[in-house]
Student: 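Below is one structure. I have some questions about it.
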Amino acid sequence: MKLLFLACLSPKTGNYTTAERIRSHIESAGHTCELRDVADFQSPSDVAHLLSQNPPFEAALAIHLFKAGRLLLDIRLPFGVIFGGTDINEDVKDEQKRVVMEQVLLKARFAVAFTEKLKEEAEFVLVSPSSKIYVQPQGIQTEVAEKFCWTEFLRSSGVRTECVDELCVFLLVCGLRRVKDPLYLAEVFSEWHSENHLNILIIIGPKVDPALTAEVEAVVKRATGVFLAQERSQQELHAAIKRCFAVVNSSVSEGMSAAILEAMDLRVPVLARNIPGNAAVVKHGVTGLLFSSPQEFVHQSQRLLSDHELRERVVRNGKLYVEEHHSVKLERETYQRLVDTLHKA
């Protein structure tokens, strides 16, 4: 079967990684899966035109109910959708978008939510038979670059110190866009750094929003102890995660943060903002630590620094949680089974 797969494909983002992984699951079952960026299409008619190519497509799949799903409303082929997170958490607040997403969900053969919480939220805000929505957590695979140099990484990020091995590096992994709120902790972290120069925060991720990127660059220039790293390959990012003290997530909204799960898999502690998407995977004091304000972030970080038993516990439990709930093998089987329902349709 030839299948069109639509997603937001900004390079080196969680969306891109997720889409590529799901595409490989589909192709490993013998299908042809063409992954395309939603930015390539202006309207549903553009997609309809592509689908009429020879040999024709037989089905479609989309990540994000509004950004990608709306482009499938005019097609006559069976399709499925995967919730992105911001579609259910944020876009439903806009009534026009909510109506469109409801139409997409009603027309889709199936929908996938990364968490039970996201499924419940979708059922609450959108009209849809609950039997249509499946829960499949993201599968997590980590691979560390062998030739990664930590000292060079720090230097290229603007960190100037001879005490590299003594640094306590907090790594905020996020694309530079509003929903990720990359500057949420900048001011309080800078104040904390002035008390202890060994504590530093490095923001790393693709520059998705040019206006926000300019803001971040300006703040980083004047905020001591806060740095902005150039985006890296997935393997280099995993190597940086493995070397840091803790991975941080300060997003306003998340579907399911791959960076949090990758940190757990790499046995690195996680400090995450207390929002539904994060709280679904980070159990406070068990698999990581949650915070609801910048001040609480500092408090939880200090706990992690001073309490070695706590650190060992969240690292051990985080690794076990990923192994138990985020199997790539189970993810592959779920998507192959769901795509088969499109094939039979």
Side-chain angles (χ1 to χ4, degrees), residues 13-15 17-18 63-64 82-93 112-122 124-125 135-140 142 170-186 188-189 201 203-205 237 241 244-301 303-304 310-311 313-326:
T13 57
N15 263 345
T17 306
T18 299
I63 297 181
H64 201 285
I82 302 162
F83 300 147
T86 53
D87 41 10
I88 305 303
N89 294 327
E90 300 296 322
D91 290 337
V92 290
K93 297 170 188 174
V112 178
F114 294 142
T115 65
E116 193 67 46
K117 179 80 175 167
L118 201 62
K119 177 185 175 179
E120 289 169 7
E121 191 65 24
F124 180 71
V125 296
V135 176
Q136 174 55 56
Q138 291 203 60
I140 293 299
T142 54
F170 292 78
L171 200 62
L172 173 54
V173 182
C174 68
L176 299 188
R177 53 196 183 107
R178 300 284 172 191
V179 74
K180 299 298 182 181
D181 207 0
L183 294 175
Y184 181 65
L185 301 170
V188 76
F189 202 102
L201 176 68
I203 303 166
I204 182 168
L237 176 61
I241 288 173
C244 76
F245 176 75
V247 162
V248 180
N249 179 293
S250 60
S251 297
V252 174
S253 173
E254 283 284 359
M256 178 173 280
S257 167
I260 285 178
L261 297 168
E262 286 162 358
M264 288 179 178
D265 191 51
L266 292 164
R267 295 185 165 89
V268 174
V270 169
L271 288 145
R273 193 168 177 173
N274 193 358
I275 55 170
N278 288 345
V281 294
V282 179
K283 190 172 181 184
H284 186 64
V286 180
T287 57
L289 296 171
L290 296 168
F291 59 88
S292 299
S293 69
Q295 293 72 25
E296 193 181 356
F297 163 79
V298 173
H299 171 66
Q300 298 299 344
S301 298
R303 283 184 67 204
L304 201 56
L310 171 65
R311 180 182 168 85
R313 183 169 72 246
V314 298
V315 164
R316 182 175 62 251
N317 290 335
K319 177 67 174 175
L320 288 170
Y321 171 79
V322 170
E323 287 176 346
E324 193 174 328
H325 298 281
H326 296 275

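If you read the sequence from its start, that first residue is 1, and numbering goes on from there.
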Student: Exactly one of Val282, Val252, Leu290, Leu185 should register a side-chain contact (heavy atoms from CB on, under 4.5 Å) with Arg273. Which one does?
Tutor: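 With Arg273 as partner, side-chain contact (heavy atoms from CB on, under 4.5 Å) holds for just one option, Val252.
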
Student: Working to the nearest 0.5 angstrom, can you tell me the gap between Glu296 CD and Arg303 CZ?
Tutor: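 The CD atom of Glu296 sits 9.5 Å away from the CZ atom of Arg303.
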
Student: More than 12 non-hydrogen atoms from neighbouring residues, nucleotides or ligands closer than 6.0 Å to NZ on Lys117, yes or no?
Tutor: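 Incorrect, the count does not exceed 12.
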
Student: When rounded to the nearest 0.5 angstrom, what distance separates CG in Asp265 from OG1 in Thr142?
Tutor: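 It is 3.5 Å, given to the nearest 0.5 Å.
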
Student: Got a donor-acceptor contact below 3.5 angstrom from the Arg313 side chain to the Gly285 backbone?
Tutor: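 Side chain of Arg313 to backbone of Gly285: a pair is present.
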
Student: Could you give me the CA-CA distance, side-chain angles and deciding distance for Leu304 and Val314, then say whether side chain to side chain contact (heavy atoms under 4.5 Å, CB included) is met?
Tutor: CA-CA 10 Å; Leu304 201 56; Val314 298; 4.3 Å; yes

Student: Heavy-atom distance under 4.5 Å between the side chains of Leu261 and Met264, does that happen here?
Tutor: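 In contact.
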
Student: List the atom of Ile241, the atom of Ala263, and the distance in Å for their closest heavy-atom pair.
Tutor: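 Ile241 and Ala263 have their closest heavy atoms at CG2-CA, 3.9 Å.
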
Student: Which heavy atom in Pro137 sits nearest to a heavy atom in His325, and how many Å separate them?
Tutor: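 Closest approach of Pro137 to His325: CB-O, 3.5 Å.
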
Student: Can you see which heavy atom on Ser251 is nearest to which on Ile275, and at what distance?
Tutor: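 Shortest heavy-atom contact: O-CD1, 3.4 Å.
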
Student: Within the distance-only criterion (no hydrogens, no angle test), does the side chain of Asn89 pair as donor or acceptor with the backbone N or O of Gly255 below 3.5 angstrom?
Tutor: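 Pair absent, no side-chain N/O of Asn89 close to backbone of Gly255.
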
Student: So which heavy atom on Leu172 is nearest to which on Asn249, and how close?
Tutor: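 Taking Leu172 first and Asn249 second, the nearest heavy atoms are CD1-CA, 4.1 Å.
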
Student: Could you give the distance from CZ (Phe83) to CG (Leu118), rounded to the nearest 0.5 Å?
Tutor: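 Reported value, rounded in 0.5 Å steps: 6.5 Å.
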
Student: Counting C-beta onward and ignoring hydrogens, is there a side-chain heavy-atom pair between Gln300 and His284 closer than 4.5 Å?
Tutor: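 Yes, side chains in contact.
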
Student: Please report the C-alpha distance between Val270 and Asn278 in whole Å, then the side-chain angles of each, then the deciding distance to 0.1 Å, and finally whether the side chain to side chain contact (heavy atoms under 4.5 Å, CB included) criterion is met.
Tutor: CA-CA 10 Å; Val270 169; Asn278 288 345; over 6 Å; no

Student: Rounded to the nearest 0.5 Å, what's the gap from OG1 on Thr287 to CZ on Arg316? Could you check?
Tutor: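 Reported value, rounded in 0.5 Å steps: 12.5 Å.
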
Student: Look up atom CZ in Arg311 and atom CZ in Phe245, then write down how far apart they are to the nearest 0.5 Å.
Tutor: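 Output value for this atom pair is 4.5 Å.
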
Student: Asn317 side chain to Val286 main-chain N or O, any donor-acceptor pair under 3.5 Å?
Tutor: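 Present.
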
Student: In Å, rounded to the nearest 0.5 Å, how long is the span from NE2 of His299 to CG of Leu289?
Tutor: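 So the NE2 of His299 and the CG of Leu289 are separated by 9.5 Å.
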
Student: Is there a side chain to side chain contact (heavy atoms under 4.5 Å, CB included) between Glu90 and Arg178? Walk through the geometry before answering.
Tutor: CA-CA 12 Å; Glu90 300 296 322; Arg178 300 284 172 191; over 6 Å; no

Student: Look only at the side chain of His64 and the backbone of Gly84, and say whether a donor-acceptor pair between them is shorter than 3.5 Å.
Tutor: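 Judged by distance alone, no pair lies under 3.5 Å.
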
Student: Checking Gln138 side chain against Met256 main chain: does a donor-acceptor pair fall under 3.5 Å?
Tutor: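 Present.
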
Student: Looking only at non-hydrogen atoms, find the nearest pair between Ser301 and Phe170 and report the distance.
Tutor: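 Looking at all heavy atoms of both residues, the closest pair is OG-CE2, 3.6 Å.
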
Student: Does the plane of the ring in Phe297 sit parallel, tilted or perpendicular to the ring in Phe291? Use 30° and 60° as the thresholds.
Tutor: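 Ring orientation, 0 to 90° scale: perpendicular.
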
Student: Work out which heavy atom in Val298 is nearest to a heavy atom in Val188; give both atom names and the distance.
Tutor: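 Minimum heavy-atom contact is CG2-CG2, 3.8 Å.
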
